[in-house]
Amino acid sequence: MTSLLVIIVLVLLAVALWQLTKIFDLTQVGASSDDSQVASDNDNNVQGYIMFGFLAFIYIFTIYGLLKWGNLVLHTPASEHGGLVDNLMNITWVLIFTVQVITQGLLYWFSFKNRGNKDRKALFFADSNKLEAIWSIIPSVVLACLILYGLYAWNNIMFVDKDEDVIEIELYAQQFKWTARYAGQDNVLGKANVRLIEGVNTLGVDMSDPNAQDDIVVSELHIPKGKKVHFKMRSQDVLHSAYFPHFRAQMNCVPGMVTEFAFVPTYTTAEYRELPFMVEKVANINKLRAEKSIELVAKGGTALDPYTFDYLLLCNKICGASHYNMQMKVVVDTPEDYKKWLSEKTTLAQDIAAAKAAEKPAEGAAPTTDSTAKVIDTVKAVVDTVKAAVAKVAMK
């Protein structure tokens, strides 16, 4: 009822304003007015100053954004190629910022300087070869340089020599989780197909392939510092994107095909946590969480746990309702800790064998409750049949 009354009041106010505008128009009858709809010098001056005000707003907001949110960008890269990616990014945004400042300033300055004036006539010319050359050649050269530098960076990052000593790991994406598969001692991943997914074999690994016998499947990714890791990526359902923000690595995971990416980690998780900028960042996050916890506890809620930095593998494609929650913890170990961690993991073949063994009852074991119940039911049915036969004979 309240909503209906509010709507009625708003409608009545709109009608009242409409009537007031009609009354105002009637009061202007006979008064001198300019109905030519041609901008006057005063109109042009006002528009020119408004444009200058908008230019000031653009510059002020840009500077404010850099000061306010500039510290939120990713800091030190944790991979060998990360510096190359950051350099390309920095060059790009400096060029964009410089061009934006110059072009926006010139645009609004010329608009103000050449604003309409009744005593001045606009100069019209069909074309200018000089101007066309300037605004065509300069952007072309700049873009060509950026593209060439980008191709150089891409080739350096993506090139993996067949004879190079790398660690082979598969990243398997599905709504809404990641799974990793290590190639094992032979460093060769076994074949896989989604049609082979069954039971604990959630990745569809072809267990008839000899290379698959030592593959290891885990839900937490561990990689060693200083060693190139070659990731091969698959998707079970929709388009995902494997994104390692701190390693400056990203690659789409496409259903029906295998994509790949490789990088060399340069900081262990423990080392990255001790970097000065990260210590400061974690302290600031925990300060905010502590303040939020006070509010939550006051309302009867549970306090937030302190934040600890970890590398993460994220999905950078909007892959569904729980896309925001699709992440995997990544741990960069020393080579020794990595070997120790990997040696403690069971292979997929062992997991499948254990699952099959669990399905079969042990030899000589007592029958299960279900089996006993079935036997009792069968005996009762036989007894009832015999009783019925005896009763028929007695009646005869």
Side-chain angles (χ1 to χ4, degrees), residues 33-77 79-159 241 243 245 248-252 259 261 263 316-318:
S33 61
D34 184 5
D35 296 330
S36 65
Q37 298 186 355
V38 177
S40 64
D41 288 349
N42 183 60
D43 295 332
N44 292 328
N45 288 333
V46 170
Q47 293 295 323
Y49 287 117
I50 290 175
M51 294 182 75
F52 260 139
F54 188 71
L55 176 64
F57 166 76
I58 292 175
Y59 286 165
I60 292 171
F61 185 78
T62 301
I63 295 171
Y64 171 79
L66 289 173
L67 297 176
K68 179 70 175 178
W69 301 297
N71 64 323
L72 298 180
V73 299
L74 290 172
H75 206 277
T76 306
S79 62
E80 282 188 357
H81 75 268
L84 190 59
V85 174
D86 284 359
N87 285 339
L88 181 59
M89 189 68 183
N90 290 336
I91 291 172
T92 302
W93 79 256
V94 167
L95 280 173
I96 291 174
F97 180 78
T98 304
V99 171
Q100 186 260 354
V101 169
I102 294 173
T103 55
Q104 293 298 313
L106 291 174
L107 174 65
Y108 289 102
W109 163 248
F110 278 109
S111 298
F112 177 78
K113 179 182 177 182
N114 299 295
R115 65 192 182 279
N117 189 308
K118 64 180 181 180
D119 298 326
R120 184 168 54 197
K121 185 176 181 180
L123 173 64
F124 172 81
F125 56 94
D127 61 79
S128 170
N129 293 334
K130 183 178 180 181
L131 287 176
E132 291 284 352
I134 291 174
W135 64 49
S136 298
I137 294 175
I138 294 178
S140 298
V141 172
V142 173
L143 288 174
C145 292
L146 282 176
I147 291 170
L148 289 174
Y149 184 37
L151 288 174
Y152 167 77
W154 177 258
N155 289 332
N156 280 353
I157 294 168
M158 295 301 296
F159 179 74
S241 184
Y243 177 42
R248 307 300 193 267
Q250 177 175 314
M251 180 58 66
N252 285 346
T259 54
F261 200 102
F263 62 82
N316 213 21
K317 287 284 185 294
I318 301 177

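Quick caveat, the model's predicted, so the values are computed rather than measured.
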Separation between OG of Ser140 and CD1 of Ile147, rounded to the nearest 0.5 Å: 9.5 Å
Side chain to side chain, Ile91 and Leu146, heavy atoms closer than 4.5 Å: yes
Nearest-0.5 Å distance that lies between atom CH2 in Trp69 and atom CG in Leu67: 10.5 Å
Distance (rounded to the nearest 0.5 Å) between Ser111 OG and Asn44 CG: 11.5 Å
Tyr243: partners by ring pair (Phe, Tyr, Trp, His ring centres under 6.0 Å), with sequence neighbours left out: none
Any donor-acceptor N/O pair, Tyr59 side chain to Gly105 backbone, under 3.5 Å: yes
Other residues, nucleotides, ligands: >12 heavy atoms within 6.0 Å of Asn90 CG: yes
Residue pair Asn252 / Ser241: nearest heavy atoms and the distance that separates them: OD1-OG, 3.3 Å
With Arg248 via salt bridge (charged side-chain N to carboxylate O under 4.0 Å, His left out) - residues at least two apart: Asp86
Point-to-point distance, once rounded to the nearest 0.5 Å, from CE of Met89 to OG1 of Thr92: 7.0 Å
All side chain to side chain contact (heavy atoms under 4.5 Å, CB included) counterparts of Met158, not counting sequence neighbours: Trp154, Met251, Phe261
Separation of Leu55 CG from Leu107 CG (nearest 0.5 Å): 8.5 Å
Side chain to side chain contact (heavy atoms under 4.5 Å, CB included) involving Val99 - partner list, sequence neighbours excluded: Thr103
Parallel, tilted or perpendicular, as decided by the 30° and 60° cut-offs, for the rings of Phe112 and Phe52: tilted
Leu74 atom CG: more than 12 heavy-atom contacts under 6.0 Å: yes
Ser79 side-chain N/O to Phe263 backbone N/O, donor-acceptor pair under 3.5 Å: no
Parallel, tilted or perpendicular: rings of Phe61 and Phe57 (30°, 60°): parallel
Polar contact flag, side-chain donor to acceptor under 3.5 angstrom, Asn156-Tyr152: yes
Residue pair Gly83 / Pro77: nearest heavy atoms and the distance that separates them: N-CG, 3.8 Å
Sequence-distant partners of Trp135, ring pair (Phe, Tyr, Trp, His ring centres under 6.0 Å), two or more places apart: none
Inter-residue atom distance Ile50.CD1 - Asn45.CG, 0.5 Å rounding: 11.0 Å
For Ile58, side chain to side chain contact (heavy atoms under 4.5 Å, CB included) partners two or more places apart: Phe54, Thr62, Gln100, Gln104, Tyr108
